[in-house]
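One-based numbering, in listed order, for ligands and for the atoms of each. Counting begins at 1 with the first residue of the sequence.
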Amino acid sequence: MAEDTAKETIGFQAEVKQLLQLMIHSLYSNKEIFLRELISNASDALDKLRFEAIASPDLAADDPDLGVTLALDEAANTLTITDNGIGMSRDEVISNLGTIARSGTAEFLGKLSGDARKDAQLIGQFGVGFYASFIVADRVTVDTRRAGLDADAAVRWESTGEGDYTLEPIERDARGTTITLHLKPDESEFAQGYRITSLVKRYSDHIAFPVRLAGEESTETINSATALWTRSRAEVEDDEYKEFYQHLTHDFEPPLAWSHNRVEGKREYTSLVYIPGRAPFDLWNREAPRGLKLYVQRVFIMDDAEQFLPLYLRFVRGVIDCADLPLNVSRELLQSSPAIDAMRSALTKRVLSTLDKMANNEPEDYARFWSEFGEVLKEGLAEDTTNRDALNKLLRFTTTDSEGDSQSETLAGYVERMVEGQDTIYYLTAESLAAAKASPHLEVFKKRGIEVLLLTDRLDEWMIGYLTEFDGKALQDVRRDGLELPEGESADDAEDRADDGVLERLGQCLEDAVSGVRASDRLVESPACLVVGADDMGAQMRRMLEAAGQDVPESKPALEVNLGHPLVRRLETAADDARFEDLARVLLGQAEIAEGDLPADPADYVGRLNRLLVELSS
Ligand code: ADP
């Protein structure tokens with residue numbers, strides 16, 4: 001009776017409900033991964049127990065033989081996974097198996113389309129996990145007791161994976177967790193020994209703890225139970241590296257590359273770092289966990305040890321196992337240790353050289369990497385000046401010579417294609433590729449066959465500020481003052497040109513909006529363009545700061561006009577001032593539009609343009 005009343009029904013957080021539904025549908029064709037996920041969780045729980053037992057040996061003393069045990073019951077159609085790890089308290093069960101704590105989850109789930117194939121990929125970005133059980137089970141029971149709590153503090157969680165779960169107190173002799181999957185009728189294969197054994201061999205062989213299969217008479221260990229990174233590189237197959245990655249990250253996609261190294265000498269450590277194939281959904285969330293999993297002599301110490309890599313390599317996943325850190329090392333200690341700093345700089349070089357190797361040997365993989373993580377890697381230009389040369393080589397751009405829209409040109413390639421007499425790398429920043437390609441600033445470059453880098457990523461203007469030169473060549477923003485072109489023909493070869501006098505008149509008329517008006521040598525087709533002062537803030541940065549609610553210093557661009565353009569010549573002949581001003585403001589408005597902006601006063605612009613059109617037709 002008492003137990004009946006103690007059983008509660010609790011609704012899942014909305015995100016969990018959504019994730020469950022999507023997962024069941026979209027991951028069905030990879031359904032066997034549930035086992036890898038559950039064994040991974042069990043192994044993490046064992047790691048955590050071993051870690052806590054360093055400070056409180058009593059936690060593990062009664063049952064020191066750590067492992068995972070699988071038990072099958074064909075008649076009942078169940079699969080049971082038991083670990084004697086850290087277990088969960090009632091509160092932990094509620095937050096771990098009833099909610100998703102990662103911020104941005106709701107937003108992320110909102111992006112899912114309902115198309116199973118696409119969603120499976122997205123869910124890969126999210127990381128599957130415990131909830132994958134519901135792909136094959138129509139009911140899941142979790143009995144768990146937190147290490148250190150009494151037998152009667154254990155709880156049973158149970159759910160059919162729909163809207164809610166039940167929770168009730170139980171008695172449990174042993175610490176740790178038992179998960180029972182009540183398999184769906186047509187998933188009975190997962191209650192069969194040979195099927196489970198082969199799955200464990202395939203996905204979980206490298207788990208550092210024994211995974212055992214309980215038989216009628218005896219229990220046998222079915223994995224090799226050695227931590228993968230402790231083995232020598234020559235002995236580990238590619239597939240094993242990939243499986244280990246999936247265990248580590250819960251990522252659905254295989255990694256693009258990895259690097260496994262043992263360092264001996266003054267500082268001994270083993271690192272295994274991976275380059276994922278896909279960005280996690282919270283790559284841009286500053287609070288998202290990042291970093292490596294830290295072990296000290298094979299004892300797990302902490303997840304997300306972020307001190308081993310710089311922020312701009314936050315996409316790297318992996319483990320580091322240090323021989324000579326104390327077992328009680330804390331995050332604070334990691335932060336202020338010269339030994340860790342030395343490891344970070346070695347690991348950083350290692351990652352950059354892994355990327356360089358990928359770029360040279362597997363260009364398609366590298367292209368994929370760049371499209372997922374290029375924007376993050378670029379932060380390194382500002383963050384990491386010691387590795388500037390290595391980073392510069394890894395950059396990829398779209399340029400005016402690019403065939404498609406992809407960022408695939410290197411700076412070295414650009415330099416090779418420079419025209420005679422060119423000693424500057426030209427670039428243009430814009431809101432989008434379409435805006436960049438249509439920019440009037442490119443006209444003279446097109447005419448003369450000079451390539452220009454087109455920078456359209458959010459942080460490009462900021463990033464490029466740190467890239468002052470490459471291979472001895474300075475970089476120059478083509479939208480700024482002081483543009484220097486190699487000797488050669490000029491942009492405007494019109495025979496019939498407006499007289500310089502029009503510039504002064506324009507300058508007076510548009511005084512409120514521009515810093516000055518001058519003849520341009522960068523325009524071929526367009527009548528006018530706006531030029532940013534050499535030291536003024538660029539448009540992208542301005543927009544970003546404004547969006548963040550910050551004050552932006554006042555600065556006016558200059559207006560450059562194409563004296564050969566008929567519209568400019570028409571200005572010359574505008575007799576009365578009102579007509580002149582209409583034409584001048586339309587000219588300015590067009591220059592603003594060509595940059596992808598709105599005219600400063602759109603209604604005024606439309607009014608003037610219409611007046612001119614009406615005049616024209618009457
Ligand atoms: P993830 O493992 O990616 O955090 P899961 O949904 O698989 O996500 O699990 C959620 C949490 O539940 C885990 O982070 C862990 O704290 C807890 N958990 C899952 N399985 C176990 C287990 N066997 N023992 C103890 N805790 C577990």
Side-chain angles (χ1 to χ4, degrees), residues 12-13 15-20 22-24 27 33-53 59-60 63 66-71 79-105 108-109 123-135 137 140-149 153-159 161 165 167 172 174-181 203-204 207 209 211 245-252 276 280-282 288-290 293 300 302-304 317:
F12 282 121
Q13 185 195 22
E15 284 90 323
V16 176
K17 262 191 272 183
Q18 221 180 331
L19 185 69
L20 274 167
L22 285 159
M23 197 167 276
I24 294 164
L27 295 187
I33 58 139
F34 79 89
L35 189 62
R36 173 186 84 204
E37 299 298 311
L38 295 180
I39 293 177
S40 263
N41 282 348
S43 147
D44 290 348
L46 294 164
D47 266 342
K48 286 181 197 154
L49 176 83
R50 194 153 67 176
F51 174 69
E52 288 196 13
L59 288 181
D63 181 11
L66 304 184
V68 183
T69 304
L70 308 177
L79 159 62
T80 305
I81 298 148
T82 300
D83 66 73
N84 52 356
I86 195 71
M88 287 176 272
S89 67
R90 184 178 181 281
D91 287 349
E92 286 167 333
V93 170
I94 293 174
S95 71
N96 291 336
L97 308 184
T99 65
I100 303 174
R102 283 167 82 182
S103 69
T105 302
F108 165 77
L109 290 170
I123 286 177
Q125 265 177 289
F126 186 81
V128 269
F130 169 77
Y131 300 115
S133 330
F134 290 100
I135 309 172
V140 177
T141 311
V142 180
D143 286 359
T144 186
R145 175 180 154 196
R146 179 77 164 81
L149 296 184
V155 283
R156 171 168 298 164
W157 176 103
E158 193 166 67
S159 178
Y165 60 92
L167 207 58
R172 181 179 162 92
R175 67 160 192 267
T177 304
T178 297
I179 298 178
T180 303
L181 306 188
Y203 290 125
S204 310
I207 295 285
F209 299 95
V211 177
Y245 168 80
Q246 293 183 314
H247 154 66
L248 201 65
T249 61
H250 297 270
D251 185 355
F252 200 68
F281 77 95
D282 49 6
R290 64 184 181 91
K293 203 163 175 157
F300 165 79
M302 65 178 80
D303 281 309
D304 315 319
R317 311 294 299 271

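The shortest contact between atom 2 (O) of ligand 1 and any protein heavy atom is with Asn41 OD1, 3.0 Å. For atom 15 (C) of ligand 1, the nearest non-hydrogen atom of the protein is Asn96 ND2, 4.0 Å. Of the protein's non-hydrogen atoms, Lys48 NZ, 4.7 Å is the one closest to atom 14 (O) of ligand 1. With respect to atom 25 (C) of ligand 1, the closest heavy atom belonging to the protein is Ala45 CB, 3.7 Å.
Counting heavy atoms under 4.0 Å from ligand 1, residue Thr177 touches it through the side chain alone. Only side-chain heavy atoms of Asp83 come within less than 4.0 Å of ligand 1; its backbone N, CA, C and O stay farther off.
Those atoms of ligand 1 with a heavy atom of His250 less than 4.0 angstrom away are 2 (O), 3 (O). Heavy-atom proximity to Gly129, at under 4.0 Å, picks out these atoms of ligand 1: 7 (O).
Using the six-membered ring where Trp is involved, Phe12 and Tyr165 have ring planes that are tilted, between 30° and 60° apart.
Between Phe130 and Leu38, the closest side-chain pair of non-hydrogen atoms falls below 4.5 Å. Considering only heavy atoms from C-beta on, Leu97 comes within 4.5 Å of Met88 through its side chain.
Ligand 1 has no N or O atom lying under 3.5 Å from any N or O atom of Tyr131, backbone or side chain. An N or O contact shorter than 3.5 Å links Phe130 to ligand 1 by distance.
Protein heavy atoms come within 4.0 Å of atom 19 (C) of ligand 1. Distance screen at 4.0 Å: atom 7 (O) of ligand 1 has a protein heavy-atom neighbour inside the cut-off. Of the protein's heavy atoms, none falls inside 4.0 Å of atom 4 (O) of ligand 1.
Distances from ligand 1 to the non-hydrogen atoms of Met88 include at least one value under 4.0 Å.
When atom types are taken as modelled, the side chain of Glu158 and the backbone of Leu167 share no donor-acceptor pair closer than 3.5 angstrom.
What you find for Asn41 and His250 is that their closest heavy atoms are OD1-CE1, 3.6 Å. Heavy-atom minimum distance, Arg317 versus Leu248: NH2-O, 4.4 Å.
Evaluation of the ring-ring contact (aromatic ring centres under 6.0 Å, His included) rule for Tyr203 yields no partner, not counting sequence neighbours. Applying the ring-ring contact (aromatic ring centres under 6.0 Å, His included) rule to Tyr245 yields the partners Tyr274; only residues at least two apart in sequence or on another chain are considered.
A salt bridge is absent between Asp91 and Arg146: the closest approach of a Lys/Arg side-chain nitrogen to an acidic carboxylate oxygen does not fall below 4.0 angstrom.
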